[in-house]
Amino acid sequence: MNEVSGTALIGSDAAVLGLLAAILGFVFWGAAREQGIWKKFYAVVPALLPCYLLPAVANSTGLIDGAGSGLYPMARDYLLPASLVLFCVSMDIGGIVRLGPKALIMFLTGTAGVMLGALVSFTAMGALHPETVAGETWRGMTTLTGSWIGGGANQAAMKEVFEVDATLFGQFAAVDVIVGYVWMAALLFMASRADWWDRWLKADTSAIDALRKRMASYQEQHARIASLTDLMLIFAVAIGATGLAHQLAEPLVAWIRSLPAEWRLQDYSLDSRFFWIVVIATAAGVLLSLTRARQLEGAGASKVGTVFLYVLIATIGMQMDLKALADKPLLLLLGLIWILVHAGLLLLVARLIRAPLFFMAVGSQANIGAAASAPVVAGAFHPALAPVGVLLAVLGYVLGTYCAYLTGVMLQGLAGA
């Protein structure tokens, strides 16, 4: 472990890691309370926010020195690709296909809406308030694109690929949480009035009952208490694939850098070792999902991946300077324009193809909220439907890195960078 700056009260990475673990444990302990002040608090504040902000408070007050710590590079290089593997290994391609074309159409429409919303909001804010999108703002938008298509792992991947400053990352993390959870609240409100919305959409809901039965059966068949062997296999798959990604990325990057300079591959981060680690780890997870390794999801593979991810989130938070979050308040307006484009496109397509509100809501939240909240929205329609949110969110993890990267390239062009 590295020693951190002597100006910090806590002076070693070992102690800082212990503090981050305590913070994460405290946050999730409070979020799990069934009554009392914590239940009321977490009914309003998503658990994700304190996981970012408490380490940020520790950094901003001088308790720790995030910039001088070696914890984030460790989490970025090892825990991030490992979490991507575990999220993708649970992907049930056959199950997603059996959901029917409308579910997939609405999910992909949501993905397109996020990408289009990034371009529209950047252009609109360029006309309304150019200072908001001046300079490196487009880089920060790539991280939000990654989060709103895939999730936190893809968000962190874009941070590294496009070399986003920690403060700018923190500003867009705030936009992510505030705008994303306002939209989730709107979806839950709509779910409580699904019959009205389905009538307005002129939707055919005949497949919903069959879907409930099929997913309830799937859940019963795969859930089990994890054994020690299961946990060791999950560890082996995640870390083994991560090691393979590191091994393959090195010669691949060396080969790309040997290509003619006029090809300008470096302009698209194709000479980035980290980019290829993420791409290879994601591909490995998808390939493993076609094997018996997918059964590890029943033992909690994605939950282990989430643990890795939240450690990464805490290490990102400890680099944030909270005092800088107020520098660009109009970023919230940018985020609202962005999410309205996403919502408008979803409503338009749902009306055109007569898709039920369930497909629209879960297709949206599988993008915007990923596996952390897509099951919540799906479960608002029926508890047995929560796994549908997971299945689509896993597809989001697969697409997130690639779609966010493509959006980043287009934003870079708009910014003239």
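Every heavy atom of this structure was used, including side-chain atoms; hydrogens, water molecules and symmetry mates were not. For the single chain, residues carry numbers from 1 onward in sequence order.
Ring orientation note: the planes of Trp38 and Phe41 are nearly perpendicular, at an angle over 60° on the 30°/60° scale. The aromatic rings of His246 and Tyr78 sit parallel, their planes meeting at an angle under 30°, below the 60° perpendicular limit.
Judged by distance alone, with hydrogens and angles left aside, the side-chain atoms of Gln412 form no donor-acceptor pair with the main-chain N or O of Trp138 at under 3.5 Å. Side-chain atoms of Lys102 do not come within 3.5 Å of backbone N or O of Pro356 as any donor-acceptor pair. At distances below 3.5 Å, at least one donor-acceptor pair connects side-chain atoms of Arg33 with backbone N or O atoms of Trp29. Judged purely by atom type and a 3.5 angstrom limit, Ser69 has no side-chain atom pairing as donor or acceptor with the backbone of Gly66. No donor-acceptor distance shorter than 3.5 angstrom exists from the side chain of Ser60 to the backbone of Val57, with no hydrogens or angles considered. The closest donor-acceptor contact from the side chain of Ser258 to the backbone of Trp255 lies under 3.5 Å.
Atom CD1 of Ile64 sits about 4.5 Å away from atom CE of Met318, to the nearest 0.5 Å. Taken from CE in Met141 to OG1 in Thr407, the straight-line distance is 9.5 Å, to the nearest 0.5 Å. Asp65 contributes atom CG, which lies 11.5 Å from atom CD1 of Ile10 (distance to the nearest 0.5 angstrom). The CG atom of Leu84 sits 11.5 Å away from the CD1 atom of Ile277 when rounded to the nearest 0.5 Å. Of the inter-residue distances, the one linking Met74 atom CE with Arg76 atom CZ reads 11.0 Å to the nearest 0.5 angstrom. Between the OG atom of Ser364 and the CH2 atom of Trp148 there is a distance of 10.0 Å, given to the nearest 0.5 Å.
At a threshold of 4.5 Å between non-hydrogen side-chain atoms, the residues Leu104 and Pro101 do not count as touching. Side chains of Leu399 and Leu108 form a contact here, defined as non-hydrogen atoms less than 4.5 Å apart. Residues Leu414 and Met410 have side chains not in contact (no heavy-atom distance under 4.5 Å, counting atoms from C-beta outward). The closest side-chain heavy-atom distance from Ile368 to Ile339 is below 4.5 Å. Contact of the Phe172 side chain with the Thr142 side chain is not registered, since no non-hydrogen atoms from C-beta on lie closer than 4.5 Å. Val27 places none of its side-chain heavy atoms less than 4.5 Å from the side chain of Leu24. Looking at heavy atoms from C-beta onward, Val175 lies out of side-chain contact with Leu334 at the 4.5 angstrom threshold. When side chains are defined from C-beta on, Phe28 does not count as touching Val307, because their heavy atoms never get closer than 4.5 Å.
Minimum interatomic distance between Gly408 and Phe162 (heavy atoms only, all atoms of both residues): CA-CZ, 3.8 Å. For Pro55 against Ala314, the heavy-atom pair with the smallest separation is CB-O, 3.5 Å. Taking every heavy atom of both residues into account, Arg273 and Val253 meet most closely at CA-CG2, 3.5 Å. Contact record, Trp183 with Ala343: CH2-CB, 3.4 Å, taken as the closest heavy-atom pair. Listed here is the closest heavy atom pair of Asp13 and Gly70: OD2-N, 2.8 Å. Shortest non-hydrogen contact noted between Leu80 and Ser83 is O-OG, 2.7 Å.
Sorted by first and then second residue, the side chain to side chain donor-acceptor pair (under 3.5 Å) pairs involving residues 230-242 (not counting sequence neighbours) are Arg224-Asp230, Ser227-Asp230. For the side chain to side chain donor-acceptor pair (under 3.5 Å) condition, the pairs that include at least one residue of residues 106-131, sequence neighbours left out, are Thr111-Asn367, His129-Thr132.
For Thr306, there are no side-chain hydrogen bond (donor to acceptor under 3.5 Å, both in side chains) partners, not counting sequence neighbours.
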